[in-house]
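Written below as structure tokens is the structure these notes are about.
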Amino acid sequence: MDNAKINDTPIVTATRLDMDELGIRIDEKKFRGRIGSLLYLTVSRPDIVYNMGLCASFRSIPGDLHFKATKRILRNLKGTLDLVLWYPTGDSFKLIGYADADYAGYLVDMKSTSGMAHFLGLCLISWASKK
């Protein structure tokens, strides 16, 4: 990964991961190891949580498409090593909340996805994502 290209986003927005029944099968042990390592990083990197959850749902039947998706996440992490959460002092205390939902948009199991974020001034203080 030292010479890998850097990606701006952890996953392409038009990407829809599905069962990939016709694709090349990947070694489950290798895929699960990569998923486990990336899930460990989600504690400090909330920007990859949704994408990791999406990839982790295919850990029992991984295909080449799923492996490439995790590789893209790794490339994104390499390019965003300096990304940190920053809370300045003296900022306003205006609380703002955002929410979004995608009803039955996940083609594999037709479940809904929702998310929300709360900001105190310019700082993210709370977020959630649920399938």
Side-chain angles (χ1 to χ4, degrees):
M1 291 295 298
D2 291 334
N3 298 325
K5 293 184 217 173
I6 297 171
N7 290 331
D8 294 336
T9 58
I11 197 165
V12 180
T13 55
T15 301
R16 295 251 187 213
L17 291 179
D18 57 5
M19 298 301 269
D20 193 23
E21 295 171 354
L22 302 175
I24 301 168
R25 291 284 168 240
I26 301 298
D27 180 29
E28 287 181 30
K29 189 174 183 178
K30 186 176 180 180
F31 185 74
R32 287 180 183 178
R34 183 177 281 188
I35 290 291
S37 298
L38 287 170
L39 283 174
Y40 177 76
L41 289 174
T42 59
V43 174
S44 61
R45 295 295 304 262
D47 56 327
I48 65 168
V49 171
Y50 174 75
N51 304 315
M52 281 309 308
L54 193 60
C55 291
S57 64
F58 297 103
R59 67 188 172 276
S60 62
I61 49 166
D64 189 45
L65 181 65
H66 310 119
F67 197 72
K68 286 179 182 176
T70 58
K71 192 173 187 178
R72 183 175 178 92
I73 294 169
L74 287 170
R75 287 179 176 168
N76 174 258
L77 289 173
K78 182 183 179 199
T80 57
L81 292 174
D82 58 344
L83 185 65
V84 296
L85 294 175
W86 179 62
Y87 298 101
T89 58
D91 199 16
S92 70
F93 286 102
K94 185 176 180 183
L95 182 64
I96 301 171
Y98 298 98
D100 190 18
D102 182 15
Y103 297 104
Y106 186 51
L107 299 178
V108 174
D109 56 10
M110 299 302 290
K111 289 189 177 180
S112 301
T113 305
S114 62
M116 62 100 183
H118 291 106
F119 290 84
L120 187 59
L122 298 174
C123 303
L124 177 68
I125 58 168
S126 171
W127 60 272
S129 178
K130 183 178 180 182
K131 178 178 169 188

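The chain is numbered in sequence order, starting from 1.
- Taking CD1 from I35 and CZ from F67, the interatomic distance works out to 9.5 Å, rounded to the nearest 0.5 Å.
- Closest approach of M116 to S126, counting heavy atoms only: CE-OG, 3.9 Å.
- Annotation for F119: atom CZ counts as buried by contact number, over 12 foreign heavy atoms lying within 6.0 Å.
- The aromatic rings of H66 and F58 lie parallel to each other, with less than 30° between the two planes, well short of the 60° mark.
- Pairing each heavy atom of S112 with each of Y103, the nearest pair is OG-CA, 3.3 Å.
- Between G97 and H118, the shortest heavy-atom distance links the atoms CA-CD2, 3.7 Å.
- Heavy-atom contacts from other residues, nucleotides or ligands closer than 6.0 Å to CZ of R59 number 12 or fewer.
- Looking at R45 and T80, their side chains come closer than 4.5 Å, going by heavy atoms from C-beta outward.
- Looking at heavy atoms from C-beta onward, S60 lies in side-chain contact with R32 at the 4.5 angstrom threshold.
- A heavy-atom distance below 4.5 Å is not found between the side chains of L38 and N51.
- There is a path of hydrophobic side-chain contacts, each under 4.5 Å, that joins I61 to L65.
- The distance from atom CG of D47 to atom OG1 of T42, rounded to the nearest 0.5 Å, is 10.0 Å.
- When the side chains of ILVMFWY residues are joined at heavy-atom separations under 4.5 Å, either directly or via intervening members, V49 and L124 end up in a single hydrophobic cluster.
- Atom OG1 of T70 and atom CZ of R75 lie 10.5 Å apart (nearest 0.5 Å).
- Under the 4.5 Å side-chain heavy-atom criterion for grouping Ile, Leu, Val, Met, Phe, Trp and Tyr, L81 is not connected to L41 through any hydrophobic cluster.
- Separating the CG atom in L39 from the CE atom in M52 is a distance of 4.0 Å, to the nearest 0.5 Å.
- I48 CD1 to I73 CD1: the interatomic distance, rounded to the nearest 0.5 Å, is 6.5 Å.
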